[in-house]
Number of protein chains: 2
Amino acid sequence: MTEVIPHWLTKQADLKPDQLALEYNGNEKLTFQELCQASQSMARRLANLGVVKGSHVALLSQNDVHMVILIHALSYLGAVAVLLNIRLSSDELQFQIDDAKVHLLVASDRFSEEMSEIDVTQKKMFSELQQTPEKKVALQEELVLSDPFTIIYTSGTTGFPKGVVHTYGNHWWSAIGSALNLGISAQDKWLAVLPLFHVSGLSILCKSVIYGMPVYLMETSDPEKVHQALMNENITMISVVTVMLQRLLEKLGNKSYPEQLRCVLLGGGPAPKPVLEQARKKEVPVFQSYGLTETSSQIVTLSPQDALRKIGSAGKPLVPAQLKIKAQSSQNVGEIYVKGPMVTKGYFNNPAADQKAFQAGWMKTGDLGYLDEEGFLYVVDRRNDLIISGGENIYPSEIESVITELTDVQEVGVTGKPDDKWGEVPVAFIVKDKQKRLDGEVVQAYVRERLASYKVPKQIYFVVQLPRNASNKLMRHKLREWL
Amino acid sequence: MTEVIPHWLTKQADLKPDQLALEYNGNEKLTFQELCQASQSMARRLANLGVVKGSHVALLSQNDVHMVILIHALSYLGAVAVLLNIRLSSDELQFQIDDAKVHLLVASDRFSEEMSEIDVTQKKMFSELQQTPEKKVALQEELVLSDPFTIIYTSGTTGFPKGVVHTYGNHWWSAIGSALNLGISAQDKWLAVLPLFHVSGLSILCKSVIYGMPVYLMETSDPEKVHQALMNENITMISVVTVMLQRLLEKLGNKSYPEQLRCVLLGGGPAPKPVLEQARKKEVPVFQSYGLTETSSQIVTLSPQDALRKIGSAGKPLVPAQLKIKAQSSQNVGEIYVKGPMVTKGYFNNPAADQKAFQAGWMKTGDLGYLDEEGFLYVVDRRNDLIISGGENIYPSEIESVITELTDVQEVGVTGKPDDKWGEVPVAFIVKDKQKRLDGEVVQAYVRERLASYKVPKQIYFVVQLPRNASNKLMRHKLREWL
């Protein structure tokens, strides 16, 4: 039985018309009424371009007020937002645009060059949309929770990225699960510095219209600016990844953040314990969490009452969520399975991926973890070999498959190397053809042409052979040991 | 697509095992872990009596810790709780028990006499259940939101009571709608003095296990004890009806309630304006609300930011809810229609009632109201209570509100009396201050100065008390019977 709710932005514009919805560019502001009007106006412009219920519209933008307006505008048409990572190469963008069957690509003006390389039915820059006249159409007054709202691509452990479909219900339940954990206060203001094209950033926008809460949107991820905002802008919550937390702790020095900062929600992979302990020492209220694109952001969070006692744990599953560990043997560590109404119902147009990921209502995360005797989750490894660099997920297999294209390469294994700035960076171990000369820089240049720059291995090691197990599978954890 | 969540009490026992769940009998306490264990133990006893998934088990009890445990125990079996009003006659009880197809009736020991008159397959007193051994059965680990949880009877506008079926989802969404309006704080403690067999009381229990919040359960509705609890027990929220609010304001005198009391949720029909203004003067944070058994408690509430500006209004529909007024003609007042996931999907085994109440996803409440220019709801009256005099609509609550302004009046109820000339004319029943002399003509003169002449009660009856139901709501149809 699918539930129907009134459109969440229209609702907040009705309940709290003059309440601040968005602060951006430092000092610009929109109330819920203004945001609603701007989004409805944009919806009518998009309608003029033929966007209708069910249309897939791709967005390519850094954090920007227009992106917020566009996302809400699409919801007024019942269209689906395909959120593109701005760091992708044009080949990668093209793959996602084709795979998601995108009708229209909309991009921030700063991406006009990337846009020119993309082949898609229709393209518009933000500035062009401002010129597009409005078309009189009926806008959605309700949201059907089982309807799709967004598609965000996530790299598969093998092969091509998959489009994670989030329904309105997924986002709703994610926001409610978080509220039941963190509470809701009329004073709340959430700082969004994580990209809106990632679910961690997008989920803040959804919380905003579900709670009626202002968002402080940052267009830059400059740690100094984030630090200043935390100091001066009455922020109560912020979502960060480890590398940002480290920078903030450095900036903080011996000072403290204002008392109203009540939650620093930490995601994007297991954090080093020394960082967490430093945060504790400086009384920064860090909440470790665990989540995936597929779980519409955090699904497991360490609650305030346990934060100190269970440092290093990702906590317990949120009120509407469930968790189990499928251990291979008698040992505790096993694959993390999750279940709950915030978990995606499936990938876009990809039954093979669905079949692999879902089992009797549970989703297999591919991540490894264990539960302690009180049921607290400790994530051991983010998908066996996932590299997380500056909050971005890097899958070794993707880089390996590109490098393997070089004829002089016999075998390649990629893993992450600890890095002070990014947490981790990718490095590659290559077995080359003995007859040939192959330069590391050639490999790097080859990858750079095909993948986002953060996926380019920072170092290339030439080795005689790669570590493989009895069934000849590459043991990437051995590569880590080699480093 | 029906959503599935982990069992809410088991979840809280996992997340907050040592958190207070229930305070009762003044100083007794249960943590969530203890409440979970007691409820699971009770579930196994009930299983021994043949209660299985889908069984209908009727409960007859005043507010009591055993009733709380029984309600949760039934959820562990997937059985449905039929909540009986303890003020019903045995004929009325028999009707509901038969109509709801009850397998087992469980009653508090103080109702042994009433029990003996009831014809039902199986009966047990609370004390007998304590003797029943546990049976090893698998308990529900999850709640399917579309599954029925409770049945509460509501008097039909005509004829027999109808059993309102509440699913787990109805209760969940009601609790979430309330949380999005009132916020959630770790300090919250809700005082439950309204009967648990009414949805207004029951909804507090559901909030408790959904938020992980303690409930202060009162077994008596003695205003003095409620007042003392508000003064001394760190209560932050309480649900009341008008007559209780009046008593509390009297007891309060010139004092104030402690600052942490942040919400006095007022339901059970439109409140007289003088009472609301007195509450405002004494800084009692009254939130007017509107709801029905069918809406799983409040569906419209006046938010803090509008409380003073819109005194007398029930507010706006909660975030997940919608509202419209179906006006008969050009005038503003019309029947209130509601929609939302907290609204019942239907009555038990009563397609005729369903057909009458539901229309294209909306529920017709049978209540009359209007929206002001900003969309705030003003509930005028039950449609049934409407007096039509010479073609004019007269709303009893309007007249009652004026009469309440007279200081010698303690309570007043207005209804229509058949009249040869006008069809109906208004008459008033008044409970006056025993110490004072109050003349009917004085009352009529007072009304005449303030309202249209056709609204002046043609007769004033002084009575010792007014007919009220178990949640202290005025039963105007009883006044009609008195005539």
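Every heavy atom of this structure was used, including side-chain atoms; hydrogens, water molecules and symmetry mates were not. In this text the structure is predicted, and so the values were computed from the model without any measurement. Each chain gets a letter, A, B and so on, in the order its sequence line appears, and its residues count up from 1.
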Problem set entry | Residue list, ring-ring contact (aromatic ring centres under 6.0 Å, His included) with B/Y337, at least two apart or on another chain | none
Problem set entry | For B/F358, ring-ring contact (aromatic ring centres under 6.0 Å, His included) partners two or more places apart | none
Does the side chain of [X] come under 3.5 Å of the side chain of [Y] through a donor N or O and an acceptor N or O?
{"X": "B/E142", "Y": "A/Q322", "result": "yes"}
{"X": "B/S296", "Y": "B/H171", "result": "no"}
{"X": "A/Q187", "Y": "A/T236", "result": "no"}

Problem set entry | Pick from A/P320, A/G183, A/P17 with the largest number of heavy-atom pairs that fall under 4.5 Å of chain B | A/P320
So what's closer than 4.5 Å to chain A heavy atoms on [X]: side chain, backbone, both or neither?
{"X": "B/W8", "answer": "neither"}
{"X": "B/D188", "answer": "neither"}
{"X": "B/L145", "answer": "side chain"}
{"X": "B/L318", "answer": "backbone"}
{"X": "B/P317", "answer": "both"}
{"X": "B/E374", "answer": "backbone"}

Exercise. Ring centroid separation for A/W173 and B/W172, is it under 6.0 angstrom?
Worked result: yes
